[in-house]
> 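One structure coming up, written as structure tokens, with questions to follow.
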Amino acid sequence: MTDSVVDLAKELKNGAVEALPAGRLEEQLEESRPLRVKLGIDPTAPDIHLGHCVVLDKLADFQRSGHEVVLIIGDYTARVGDPSGRDSQRPVLAPTEIESNARTFQDQAFKILDPERTTVRFNSEWLDMPMEDLFRLLGSVTVAQVLERDDFDKRIKADLPISVLEILYPLLQGYDSVAIRSDVELGGTDQKFNLLLGRDVQRSYGVPEQSIMCMPILPGIDGKQRMSKSLGNYVGVTDPPEEIFGKLMSIPDDAMPSYYDLVLRREVPGELSPNEAKRELGRSVVARFHGESAAERAEARFDQIHVSGEIPEDVEEHSLAGFADPEGSVHLPLLISKLFGVSSSEARRLIEQGGVKLDGSPISAEHGLDLPVSELSGKVLQVGKRRFAALQD
RNA sequence: GGGGGAGUGCCCGAGUGGUUAAAGGGGACGGGCUGUAAACCCGUUGGCUCUGCCUACGAAGGUUCGAAUCCUUCCUCCCCCA
């Protein structure tokens with residue numbers, strides 16, 4: 001094996017937790033051909049977040065060294081539900097939902113991947129198979145092989161249910177690898193089992209077995225659980241700049257090393273204070289998806305709202321028309337509930353707690369909850385720290 | 001097919017006839033503080049036309065002055081045996 005191949009493999013494996021089987025990637029690289037690198041994503045949620053980016057970035061590495069990426073949109077497997085890392089069954093999505101998610105997915109992925117070197121496939125292309133072919137697939141792996149995995153093992157021990165559908169899932173994912181003849185499959189460390197089982201399925205079909213590479217899992221902005229849409233602790237690549245910046249400023253300080261390592265691929269600048277380092281993180285991520293100037297604006301807005309407690313300039317305007325009663329007064333709970341999508345009971349609570357301000361001064365509930373239009377018009381209504389509306393006649 | 005168990009508010013989870021809109025925790029939200037939407041502290045957390053009214057403890061009925069708590073039927077889920 002030549003030194004250059006060893007170096008190349010080392011470079012590609014940089015940042016990965018595992019690349020299996022040992023030495024396999026090196027062998028593949030020695031063939032000096034573009035490798036077909038697979039990533040499967042189930043369109044269970046419409047947003048690609050920073051957690052996905054860790055794997056997508058690695059795919060981009062492969063592309064830069066001349067390899068091909070096959071992105072598989074799991075429109076069919078999404079209807080099954082991946083049991084990986086789950087301690088309970090996953091709700092199965094409606095086909096229409098899956099479809100609309102799939103569409104937005106590609107665009108987002110191309111924020112990171114090179115479209116020229118990416119092939120997008122939907123696994124319904126080959127998974128919508130006759131029973132006969134399904135039997136062939138099901139015969140390729142034993143129940144014991146599937147139940148061996150950690151997730152299932154835990155559930156069995158805890159007397160939790162496992163559906164047949166879930167047992168099927170890794171086989172379907174493995175069949176994707178057969179269908180596209182993948183050389184390498186990437187995924188998070190939670191995908192290790194599924195990725196490895198793909199090799200068994202490939203072997204059974206007599207096609208060359210892929211090597212696999214597992215990337216670390218990015219913690220969510222709560223700093224505790226993995227980043228995921230369903231946990232609501234994610235930063236989406238299509239989030240507006242202020243959102244991305246704000247969300248990143250809210251991660252616990254001790255989650256910063258993970259973010260620097262996995263998202264920015266560098267060390268936390270030791271010379272910076274935690275606050276500055278987190279700002280740098282926020283700016284860098286915003287700049288990546290929205291550009292430098294957006295990053296500056298996002299930070300400026302953050303400081304305005306959270307540090308100075310000021311009202312930003314670019315507040316969206318809302319008309320009071322339709323809210324005033326015949327006497328020309330506006331019922332505040334109703335206004336707030338319509339404008340910000342909270343219940344009117346919640347709006348009342350916010351007012352009582354001093355969380356509602358008009359041009360910066362808290363509204364007191366003592367003077368009643370109805371205010372004349374003249375007292376509201378031209379002013380900025382603020383609910384909590386982050387919600388604003390410029391009121392107009 | 002037989003036997004056993006469970007379904008409570010956003011989530012987990014107490015509660016077995018009467019101040020129960022329902023303990024506690026998590027999450028979320030608001031306030032304080034701060035270097036941040038970190039951390040920490042305090043508070044709020046069913047809805048509404050809100051000093052009152054309505055809806056709520058899987059569903060529908062029933063018993064009762066009164067039920068999340070008792071009875072009946074149904075639905076869903078889990079476990080064990082076959």
Side-chain angles (χ1 to χ4, degrees), chain A residues 86-92 155-163 166 219-225 228-236 239-260 268-269 271-286 295 298-310 312 323-327 329-338 340-357 360-370 381-388:
Chain A
R86 307 275 300 190
D87 54 9
S88 59
Q89 290 182 36
R90 190 183 280 265
V92 174
R155 279 207 239 169
I156 289 169
K157 289 203 170 86
D159 284 340
L160 291 168
I162 298 165
S163 79
E166 291 178 285
I221 56 175
D222 56 6
K224 293 174 193 149
Q225 292 179 279
S228 103
K229 169 92 188 232
S230 55
L231 292 172
N233 61 1
Y234 73 105
V235 178
D239 281 350
E242 320 80 75
E243 280 288 300
I244 294 180
F245 191 86
K247 281 179 178 177
L248 288 171
M249 285 305 281
S250 84
I251 67 171
D253 287 358
D254 54 20
M256 260 200 289
S258 299
Y259 275 74
Y260 262 89
V268 179
E271 73 279 12
L272 298 181
S273 68
N275 184 31
E276 257 314 313
K278 208 181 282 181
R279 284 168 180 276
E280 170 65 19
L281 170 69
R283 278 192 303 266
S284 304
V285 175
V286 175
E299 183 173 21
R301 189 183 165 99
F302 181 90
D303 284 339
Q304 219 164 20
I305 294 174
H306 296 288
V307 179
S308 324
E310 292 167 15
F323 289 106
D325 63 14
E327 282 97 73
S329 74
V330 174
H331 191 56
L332 251 30
L334 183 68
L335 180 69
I336 293 166
S337 107
K338 292 290 184 215
F340 302 107
V342 300
S343 74
S344 71
S345 297
E346 189 175 353
R348 277 166 194 277
R349 266 182 241 124
L350 290 168
I351 293 170
E352 276 167 33
Q353 291 175 138
V356 178
K357 294 175 188 164
S361 344
I363 292 174
S364 154
E366 289 162 36
H367 309 309
L369 296 173
D370 298 277
L381 179 69
Q382 177 180 2
V383 175
K385 283 181 192 147
R386 292 148 54 197
R387 288 170 289 195
F388 299 92

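Letters go in sequence order (proteins before strands), and every chain restarts at 1.
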> CD of A:E276 versus C1' of B:A38: gap in Å, rounded?
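Checked: the CD to C1' distance equals 14 Å.
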> Quick one: label A:R386 by what it contacts on the DNA or RNA (base, sugar-phosphate, nothing), any heavy atom closer than 4.0 Å.
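Result for A:R386 = base.
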> Please report, rounded to the nearest Å, how far the C1' atom of B:C50 is from the CG atom of A:D370.
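Nearest whole value for this atom pair: 12 Å.
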> Taking any heavy-atom pair under 4.0 Å as a contact, classify A:G246: base, sugar-phosphate, or nothing.
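It contacts base atoms.
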> Across the strands shown, which category fits A:P274 at heavy-atom distances under 4.0 angstrom: base, sugar-phosphate, nothing?
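The residue A:P274 makes base contact.
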> B:G27 base to A:N233 side chain: any donor-acceptor pair below 3.5 Å?
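No, no donor-acceptor pair under 3.5 Å.
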> Taking the P atom of each, how far is B:C80 from B:C74, in whole Å?
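B:C80 and B:C74 have their P atoms separated by 25 Å.
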> Looking at A:I336, A:V356, A:V342, which hits side chain to side chain contact (heavy atoms under 4.5 Å, CB included) with A:R387?
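The option that passes is A:V342.
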> Are A:K357 and A:F388 in a cation-pi setup, meaning NZ or CZ lies under 6.0 angstrom from the ring centre and within 45 degrees of the ring axis?
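Relative to the ring axis of A:F388, which defines the angle, A:K357 lies outside at least one limit.
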> Taking side chain as C-beta onward, heavy atoms only, is A:I363 less than 4.5 Å from A:L381?
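Yes - at least one pair of side-chain heavy atoms lies under 4.5 Å apart.
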> Is the closest side-chain heavy-atom distance between A:R348 and A:L369 below 4.5 Å?
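Yes; the side chains approach each other to less than 4.5 Å.
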> With rounding to the closest Å, how many angstrom separate the P atoms on B:C41 and B:G26?
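Between the two P atoms, the distance is 11 Å.
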> Would A:E280 and A:R283 pass as an ion pair if we require N to O under 4.0 Å?
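So A:E280 pairs with A:R283 through a salt bridge.
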> Contact class for A:F302 (heavy atom, under 4.0 Å): base, sugar-phosphate, or nothing?
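Base: the residue A:F302, judged by heavy atoms under 4.0 Å, touches a nucleobase.
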> Report the distance from atom OH of A:Y260 to atom P of B:A38, rounded to the nearest whole Å.
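After rounding, the reported distance stands at 18 Å.
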> Is the backbone of A:S308 close enough, under 3.5 Å, to the side chain of A:D303 for a donor and an acceptor to pair up by distance?
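Answer holds: no.
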> Please tell me which of the listed nucleotides, B:G27, B:U36, B:G30, lies nearest to the side chain of A:M249?
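Nearest nucleotide to the side chain: B:U36.
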> Which comes earlier along RNA chain B counting from the 5' end, the contact point of A:G354 or that of A:P333, where each point is its nearest nucleotide?
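In this pair, the answer is A:G354.
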> Using a cut-off of strictly less than 4.0 Å between a heavy atom of the residue and any atom of RNA chain B, enumerate the qualifying residues of residues 342-349 of chain A by number.
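Result for residues 342-349 of chain A: A:S343, A:S344, A:S345, A:R348, A:R349, sorted by number.
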> To the nearest Å, how far apart are A:L369 CG and B:C50 P?
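Answer to the nearest Å: 9 Å.
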> If the cut-off is 4.0 Å, is A:K385 near the phosphate of B:C29, judged by side-chain N/O to OP1 or OP2?
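No, no such contact exists.
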> Report the distance from atom CG of A:L231 to atom C1' of B:G26, rounded to the nearest whole Å.
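Between C1' of B:G26 and CG of A:L231: 13 Å.
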> Considering every strand and a 4.0 Å limit on heavy-atom distances, what is the contact class for A:I251: base, sugar-phosphate, or nothing?
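Touches sugar-phosphate only.
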> Any heavy-atom pair between the side chains of A:M249 and A:L281 that's under 4.5 Å?
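Answer no - side chains too far apart.
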> What's the CD1-P distance between A:I221 and B:A38, to the nearest Å?
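Going from A:I221 (CD1) to B:A38 (P), I get 10 Å.
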> Check whether A:Y260 reaches the backbone of A:K278 with its side chain - one donor and one acceptor, N or O, closer than 3.5 Å.
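The answer is no, because no donor-acceptor pair under 3.5 Å joins these two groups.
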> Using atom C1' of each nucleotide, how far apart are B:C57 and B:U8 to the nearest Å?
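My reading of the C1' atoms in B:C57 and B:U8 gives 4 Å.
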> Can you tell me the distance, in whole Å, between the CD atom of A:Q353 and the P atom of B:C42?
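That distance rounds to 15 Å.
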> For RNA chain B, which consecutive runs of 3 or more Watson-Crick or G-U pairs (each distance under 3.5 Å) count as stems?
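Result, WC/G-U stems under 3.5 Å: B:1-7 with B:75-81, B:10-12 with B:24-26, B:27-32 with B:40-45, B:46-48 with B:52-54, B:58-62 with B:70-74.
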> Toward the 5' end of RNA chain B, which comes first, A:D222 or A:F245, by nearest nucleotide?
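Looking at the nearest nucleotide for each, A:D222 comes out on the 5' side.
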> Between B:C33 and B:C42, how far is it from one P atom to the other, in whole Å?
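About 16 Å, rounded to a whole number of Å.
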> Do A:K229 side-chain atoms and A:Y234 backbone N/O form a donor-acceptor pair below 3.5 Å?
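Between the backbone of A:Y234 and the side chain of A:K229 there is no qualifying donor-acceptor contact (under 3.5 Å).
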> Expressed as a whole number of Å, how far does the P atom of B:G30 sit from that of B:A23?
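Those two atoms are separated by 23 Å.
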> Take atom C1' in B:G62 and the same atom in B:G17, then report the distance between them in whole Å.
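These two C1' atoms come out 15 Å apart once rounded.
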> At 4.0 Å (heavy atoms only), tell me whether A:E242 reaches a base, stays on the sugar-phosphate, or touches nothing.
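If one applies the 4.0 Å heavy-atom cut-off, A:E242 turns out to touch a base.
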> What's the gap between B:G9 and B:G46 when it is taken at their C1' atoms, as a whole Å value?
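It comes out at 7 Å once rounded to the nearest Å.
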> Please report the distance separating the C1' of B:A28 from the corresponding atom of B:G18, rounded so that it comes out in whole Å.
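The answer is 33 Å between these two C1' atoms.
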> For A:K247 and A:G236, indicate whether the former's side chain and the latter's backbone hold a donor-acceptor pair under 3.5 Å.
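Here the side-chain-to-backbone pair does not exist.
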> Just how far, in rounded Å, is C1' of B:A28 from NZ of A:K224?
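Value for this atom pair: 12 Å.
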> Does the side chain of A:R386 reach to within under 4.5 Å of the side chain of A:E243, using non-hydrogen atoms?
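Counting from C-beta outward, A:R386 and A:E243 do come under 4.5 Å.
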> I want to verify a distance call: between B:A38, B:C50, B:G30, whose nearest atom is closest to the A:H331 side chain?
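The closest nucleotide is B:C50.
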> Does A:P312 offer a backbone N or O that forms a donor-acceptor pair with the side chain of A:E310 under 3.5 Å?
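Between the backbone of A:P312 and the side chain of A:E310 there is no qualifying donor-acceptor contact (under 3.5 Å).
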